[in-house]
Number of protein chains: 2
Amino acid sequence: MATRGRNLDAVTMRELAEALGVGTMTLYGYFRSKDELIDATLDRAADEVKLPPPEGPWKAQLRSLVGEVYRVLRKYPVGVQVRTRRPILSTGVLRTTNAAMGIMVEAGLGKREAARAWRVLFIYTFGFVAFTPEPVTDEMTRDWGAQLASLDVGELPWLVDALPEAIEAMTGSEQFYNGLDLILDGVERQLGTSKKR
Amino acid sequence: MATRGRNLDAVTMRELAEALGVGTMTLYGYFRSKDELIDATLDRAADEVKLPPPEGPWKAQLRSLVGEVYRVLRKYPVGVQVRTRRPILSTGVLRTTNAAMGIMVEAGLGKREAARAWRVLFIYTFGFVAFTPEPVTDEMTRDWGAQLASLDVGELPWLVDALPEAIEAMTGSEQFYNGLDLILDGVERQLGTSKKR
DNA sequence: ACCTGAACACCGTTCAAGT
DNA sequence: ACCTGAACACCGTTCAAGT
């Protein structure tokens with residue numbers, strides 16, 4: 001098996017119990033299942049998302065809100081994998097969706113457009129954490145280099161020509177805001193076509 | 001444990017071997033590990049992505065390419081979870097990245113901007129598959145409804161006001177192209193600011 | 001050369017019992 | 001009431017052996 005990494009299996013009931021100095025089954029006195037334990041953790045995490053004050057340009061508010069979600073999700077990456085299996089429908093988590101909807105509707109976007117835009121932002125944020133390895137270890141760099149070296153690059157001229165740029169774009173976790181701004185530009189354009197006020 | 005769903009654990013070496021009518025360990029004669037077996041499957045899948053002919057507007061070409069990636073990934077959703085653990089660096093898969101870079105650089109985008117835009121498109125496509133349950137079963141609908149009904153919605157006015165729109169935006173897998181077009185608008189704006197020709 | 005059952009080191013969780 | 005060891009039904013994979 002590959003490394004457990006940031007996957008759900010990175011947390012095991014046995015290890016957690018040992019770390020707490022109790023028997024494994026003691027955990028089941030407080031949570032009915034591992035899923036329930038993880039849910040409780042994520043609800044705590046959601047409270048760490050600071051909602052922006054409702055003032056200033058909508059774009060700055062939304063950027064700040066999404067940035068907060070990103071920051072907190074990086075701290076609790078287990079939330080990403082849980083979300084791949086089911087939506088997380090707790091008040092703590094939905095507070096964020098609610099705030100985003102408020103910002104966009106107040107800015108003049110229709111409800112449907114706002115809901116769709118939020119979906120894109122949510123997918124980007126969770127997806128960024130899901131698909132950006134962090135930290136990148138020396139072993140990873142070595143593995144990937146070896147794999148790339150063994151490729152027939154003759155068929156990949158555009159990629160070869162922009163290899164440094166491609167590697168930078170795919171691995172840098174500091175690049176979250178680049179993509180976010182690109183998407184916010186797209187949302188702004190939606191605003192132009194569905195203007196309500 | 002929750003359902004295995006479309007996760008990597010949905011495929012077990014024992015079950016696969018049984019389906020093939022061989023002993024479990026026979027598989028290890030052909031692949032060194034489960035990871036290697038999955039990689040071989042994904043490389044086959046990547047060949048199903050039809051690259052668009054290099055003619056017509058760049059936006060239509062890129063839209064068609066990303067749509068193809070989406071279509072194929074829906075067929076092999078196991079690729080999503082594999083990608084959360086490591087990049088997939090095979091010629092088959094990188095053919096797609098190469099084609100996307102070609103379309104964008106030919107359109108006039110700088111290499112760096114093209115690489116960053118591709119990252120957003122990649123994250124959106126993989127993230128969409130990762131975070132959109134498909135199919136939605138009756139049991140899921142019942143569970144989510146029950147969870148939503150038990151919430152204190154007093155704190156979530158914007159969300160409550162747009163609940164049908166939110167549910168539609170979060171569950172409809174046919175909505176992939178809505179978000180894609182929003183992102184392509186953002187890419188177009190990049191083109192305006194970094195125009196090369 | 002090709003195949004494979006038994007066994008190992010793990011999981012989450014049930015059960016039946018301890019205090 | 002609170003806690004928990006043993007056991008069950010699973011994994012991927014190693015090992016040692018079959019043909």
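Numbers restart at 1 for each chain; the letters A, B, ... are given by sequence-line order, proteins then strands. Because only heavy atoms are used, hydrogens play no part in the values below, and waters and symmetry mates are left out as well, while side chains stay in. Here the structure is a predicted model, which is why all the values come from computation and not from measurement.
Residue B:E36 contributes atom CD, which lies 10 Å from atom P of D:dT13 at whole-angstrom precision. Taking atom CD of A:E15 as the reference point, atom P of C:dA9 lies 16 Å away to the nearest angstrom. Atom pair A:E18:CD and C:dG12:C1' shows a separation of 17 Å (rounding to whole Å applied). The interatomic distance linking A:L16 (CG) with C:dG12 (C1') rounds to 13 Å, in whole Å. Straight-line distance from the CG atom of A:D9 to the P atom of D:dC11: 14 Å, rounded to whole Å. In this structure, the NZ atom of B:K34 is 14 Å from the C1' atom of C:dC10, given to the nearest Å. The interatomic distance linking A:R32 (CZ) with C:dT14 (C1') rounds to 15 Å, in whole Å.
Qualifying ring-ring contact (aromatic ring centres under 6.0 Å, His included) partners for A:F176, counting only residues two or more places apart in sequence or in other chains: A:Y70, A:Y124, A:F128. Considering only residues two or more places apart in sequence or on other chains, A:E48 meets the side chain to side chain contact (heavy atoms under 4.5 Å, CB included) condition with A:V72, A:K75, A:Y76. A search for salt bridge (Lys or Arg N to Asp or Glu O under 4.0 Å) contacts involving B:D39 returns B:R86, not counting sequence neighbours.
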Donor-acceptor list for residues 151-169 of chain A side chains, cut-off 3.5 Å, not counting sequence neighbours:
{"residue": "A:D152", "atom": "OD1", "partner": "A:G154", "partner atom": "N", "Å": "3.3"}
{"residue": "A:E168", "atom": "OE1", "partner": "B:R112", "partner atom": "NH2", "Å": "3.4"}
{"residue": "A:E168", "atom": "OE2", "partner": "A:Q175", "partner atom": "NE2", "Å": "3.3"}

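Interatomic distance, B:I103 CD1 to B:Q61 CD, rounded to the nearest 0.5 Å: 4.5 Å.
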note = Encoded 5' to 3' (Watson-Crick or G-U under 3.5 Å; [ ] crossing; | other strand), DNA chain C becomes ||.|||||...|||||.||
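For the pair A:D181 and A:K59, the salt-bridge criterion is not met [side-chain N within less than 4.0 Å of a carboxylate O].
Between the side chains of A:T97 and A:R119, no donor-acceptor pair is found at a separation under 3.5 Å.
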message = Output one letter per nucleotide in nucleotides 1-7 of chain C: B when a protein non-hydrogen atom lies under 4.0 Å from the base, S when only the sugar-phosphate is that close, - when neither is.
response = --SBB--
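Judged by distance alone, with hydrogens and angles left aside, the side-chain atoms of B:E68 form a donor-acceptor pair with the main-chain N or O of B:K50 at under 3.5 Å.
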